[in-house]
Novice: 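Structure in structure tokens, see below.
Just so we're on the same page: letters track the sequence lines, and every chain starts at 1.
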Amino acid sequence: MLDIKLIRDKPDFVRQRLATRGAGDEKLIDGILQADDARRKALAEVETLKATRNRVSKEIGALMGQKKLPEAEAKKAETKTLGDKIAALDAEAKAADATRDELMLRLPNLPHESVALGKTAEDNPLVRTHGEKPSFAFKPKSHVELCQSLKLVDFERAVKLSGSGFLLYTNWGAKLERALIQYMLDLHTTQHGYTEVSPPYMVNEDCLVGVGQFPKFKDQYYGVAEGDKVEELGKLYLIPTAETPVANIHREELLAEKLLPIFYCAYTPCFRGEAGAAGLGTRGMIRVHQFDKVELIKIVKPEDGYAEQEKMVANAERVLQSLGMHYRVISLCTGDMGFGSAKTYDIEVWAAGQGSYLEVSSVSNCEDFQSRRMNMRFKTEAGENKFPHILNGSGTALARLFVALLETHQQADGSVLIPEPLQKYLGTSRIATA
RNA sequence: GGAGAGAUGGCUGAGUGGUUUAAGGCACACGCCUGGAAAGCGUGCGUAGGUAACACUACCGUGAGUUCAAAUCUCACUCUCUCCGCCA
């Protein structure tokens, strides 16, 4: 959520920054200003009436205390109609307030000034690349072929269980998935200063509103109900990312300044409806309804936000570097950035069998956009209450990393070499057909 | 699923219709005291809106209601805790 004062004071600036996203969000500003104005007018009026009522009520109380009943009754009659006017104006202010908030919650964050202007992914500037595309003396196989020949994933039976878009990892596939999760958690908690947390996989609506997934994108998530109680649908949702519960850990809290910065790291599965997503019906592991991810979250002072974002990207890159992967880092342009982000870096890992780069990490600084929605603040030493910057980044997403790992380290004989750091977690240096 | 208790500022905790302008305590900040500190004493100290600054308004889990006036009374709801039942 943006600061209403910023919208009030610099509406043209806000419109101009929103317009760079190319989604037409700047059109909401007029409605917001209108509702804000109506709210303020109604409040100014009703507050004056309330002041009168409070004053007279106190006089009545004093008169009653002195047993001057006739005078008290006269005062009562005087303020009798005040209540109705107050109620009407209160309702007016409340309605305007609701309208304003409804629009405010649908307004995306302003892109940071350093973000390149652009419309689509084609306009995303390349920041850097690491390593080179591996060369093969044979035609590299796709992960689907490798998973089948090495029996790492049973695509057909996963469909039987849950339909398309779900994966059944088997044998070394299941172990590799687990090894990757554990390796990344250990790396971030022992080398990068993050504290591990394991959050609920179902959260309430407030959490989704807090990070900006609701109300605008409500149709993309899985709601759950206990038993056959359809009326409970909408109370809890499967998390689309660990960001949803973890970023909300301190919602509605007033943190002591000395607690910052807070670094959290969490593994969770992620559940996404992916309604209308192209290619979901096809085989493979690139876009699925459920995948695993190790997520990084930082809650920091505003002045540290962007420096911490650079460090977070480096933390995610370290995973890929240590696994011997070729990847590139790109900076998302204004038109390609997510709803709550002010600045985002994507890390894309090379998948040789696919012959393409796969997004495995997205590192965003949402500035105070989310902390405002959550009413999460910290008190400075000067006694001022401020909204912290909240950052999130994948460190990294699985399934796609799994794919790139297989396709990068495949051998001519159809086996896959396991990078050294993973070997102790997996218990082998090579996965081969039995 | 059953029974009971509860929800008040950063924390704790009083408060059954009008000196509550939410007591007291803790924590915190500043001052006095001290060689320095602790203790003690004094002052300040909730959040948000509003104002040039005051004033003023709202907020005691949420939402309605009664009243001139609600933390306090009524109704509904949510959540938490304890015990019992079921259960990995």
Side-chain angles (χ1 to χ4, degrees), chain A residues 1-9 32-33 35-102 104-105 198 200-210 225-229 231-237 245 248-260 262 299 368 371-388:
Chain A
M1 187 147 57
L2 301 181
D3 186 353
I4 184 65
K5 286 181 188 158
L6 179 68
I7 298 177
R8 238 181 247 155
D9 297 343
I32 289 172
L33 286 173
D36 184 52
D37 196 50
R39 173 181 168 275
R40 281 155 65 90
K41 281 196 174 124
L43 278 181
E45 198 175 339
V46 77
E47 284 181 3
T48 309
L49 293 179
K50 282 180 179 174
T52 305
R53 183 178 72 181
N54 288 346
R55 182 172 45 74
V56 176
S57 287
K58 235 172 248 180
E59 289 169 10
I60 292 171
L63 290 170
M64 301 275 274
Q66 297 162 33
K67 304 284 182 201
K68 295 181 178 170
L69 296 183
E71 287 94 329
E73 289 302 326
K75 291 273 186 191
K76 279 191 194 182
E78 185 186 316
T79 51
K80 190 95 180 167
T81 56
L82 220 48
D84 295 338
K85 286 185 198 162
I86 289 172
L89 279 168
D90 259 343
E92 206 175 296
K94 199 175 165 186
D97 195 52
T99 303
R100 189 188 73 171
D101 283 352
E102 160 73 16
M104 291 278 284
L105 284 174
S198 180
Y201 300 164
M202 295 189 279
V203 293
N204 60 30
E205 182 164 350
D206 290 339
C207 290
L208 288 142
V209 171
E226 188 183 344
D228 57 359
K229 296 175 187 164
E231 69 277 10
E232 282 194 0
L233 272 173
K235 282 183 72 177
L236 289 174
Y237 295 83
N248 274 288
I249 287 174
H250 300 288
R251 66 172 298 119
E252 307 278 347
E253 289 185 25
L254 182 55
L255 301 164
E257 185 175 26
K258 64 186 176 204
L259 288 175
L260 301 183
I262 295 172
I299 301 168
D368 58 8
S371 50
R372 282 180 192 282
R373 288 173 162 249
M374 295 172 191
N375 196 24
M376 179 202 297
R377 294 161 301 164
F378 69 97
K379 188 180 278 293
T380 65
E381 304 221 348
E384 197 183 354
N385 295 334
K386 294 173 109 172
F387 293 103

Novice: Please state the P separation for the pair rA22(B) and rC60(B) - nearest whole angstrom.
Specialist: 12 Å
Novice: If the C1' atom of rA48(B) is compared with that of rG9(B), how far apart are they to the nearest Å?
Specialist: 13 Å
Novice: Can you list everything that forms a ring pair (Phe, Tyr, Trp, His ring centres under 6.0 Å) with Y237(A)? Sequence neighbours excluded, please.
Specialist: F214(A)
Novice: Identify, with sequence neighbours excluded, every residue that meets side chain to side chain contact (heavy atoms under 4.5 Å, CB included) alongside L49(A).
Specialist: L82(A), K85(A), I86(A), L89(A)
Novice: With sequence neighbours excluded, what pairs up with E257(A) under the side chain to side chain contact (heavy atoms under 4.5 Å, CB included) test?
Specialist: K301(A), F378(A), T380(A), E381(A)
Novice: Using Watson-Crick and G-U wobble pairs whose two distances are both under 3.5 Å, how do you write the pairing of RNA chain B as dot-bracket, with | for links to another strand?
Specialist: ((((((((.[[[..)..(.....]]].(((((.......))))).((((......)))).[[[[[..)....]]]]])))))))....
Novice: Considering only distance and modelled atom types, tabulate donor-acceptor pairs under 3.5 Å from the side chains of residues 37-47 of chain A, sequence neighbours left out.
Specialist:
unit_1	atom_1	unit_2	atom_2	d
D37(A)	OD2	K41(A)	NZ	3.1
R39(A)	NE	D97(A)	OD1	2.8

Novice: Between rC54(B) and rC68(B), how many Å separate the two P atoms, rounded to a whole number?
Specialist: 35 Å
Novice: Both R55(A) and L254(A) contact RNA chain B. Taking the nearest nucleotide for each, which residue is further toward the 5' end?
Specialist: L254(A)
Novice: Looking only at atom C1', what distance separates rA3(B) and rA58(B), rounded to whole Å?
Specialist: 38 Å
Novice: I'd like to check D206(A) versus E252(A) (side-chain heavy atoms, cut-off strictly below 4.5 Å). Are they in contact?
Specialist: no
Novice: Contact boundaries of RNA chain B with chain A (under 4.0 Å, heavy atoms), 5' to 3'?
Specialist: rG1(B) to rC79(B)
Novice: Taking only the P atom of each, what is the distance from rA27(B) to rA39(B) in whole angstrom?
Specialist: 8 Å
Novice: Using a 4.0 Å heavy-atom cut-off across all strands, classify K235(A) as base, sugar-phosphate, or nothing.
Specialist: sugar-phosphate
Novice: If the C1' atom of rU62(B) is compared with that of rU8(B), how far apart are they to the nearest Å?
Specialist: 15 Å
Novice: Distance between the P atoms of rC45(B) and rA23(B), in whole angstroms?
Specialist: 11 Å
Novice: RNA chain B: T79(A) or E59(A), which has the more 5' nearest nucleotide?
Specialist: E59(A)
Novice: Does the pair I4(A) and R100(A) meet the rule for a side chain to side chain contact (heavy atoms under 4.5 Å, CB included), with working shown?
Specialist: CA-CA 9 Å; I4(A) 184 65; R100(A) 189 188 73 171; 3.7 Å; yes
Novice: Hey, does K50(A) reach any base, or is it just sugar-phosphate, or nothing, if we go heavy atoms under 4.0 Å?
Specialist: sugar-phosphate
Novice: Please identify each residue that fulfils side chain to side chain donor-acceptor pair (under 3.5 Å) with N375(A), with sequence neighbours left out.
Specialist: R377(A)
Novice: Quote, to the nearest angstrom, the C1' distance that separates rU21(B) from rU80(B).
Specialist: 32 Å
Novice: Kindly write out the residues that satisfy side chain to side chain contact (heavy atoms under 4.5 Å, CB included) with A256(A), not counting sequence neighbours, or none if the list is empty.
Specialist: K258(A), L259(A)
Novice: Could you check whether R8(A) gets within reach of a base, just the sugar-phosphate, or nothing at all, counting any heavy atom under 4.0 Å?
Specialist: sugar-phosphate
Novice: Kindly write out the residues that satisfy side chain to side chain contact (heavy atoms under 4.5 Å, CB included) with K58(A), not counting sequence neighbours, or none if the list is empty.
Specialist: none
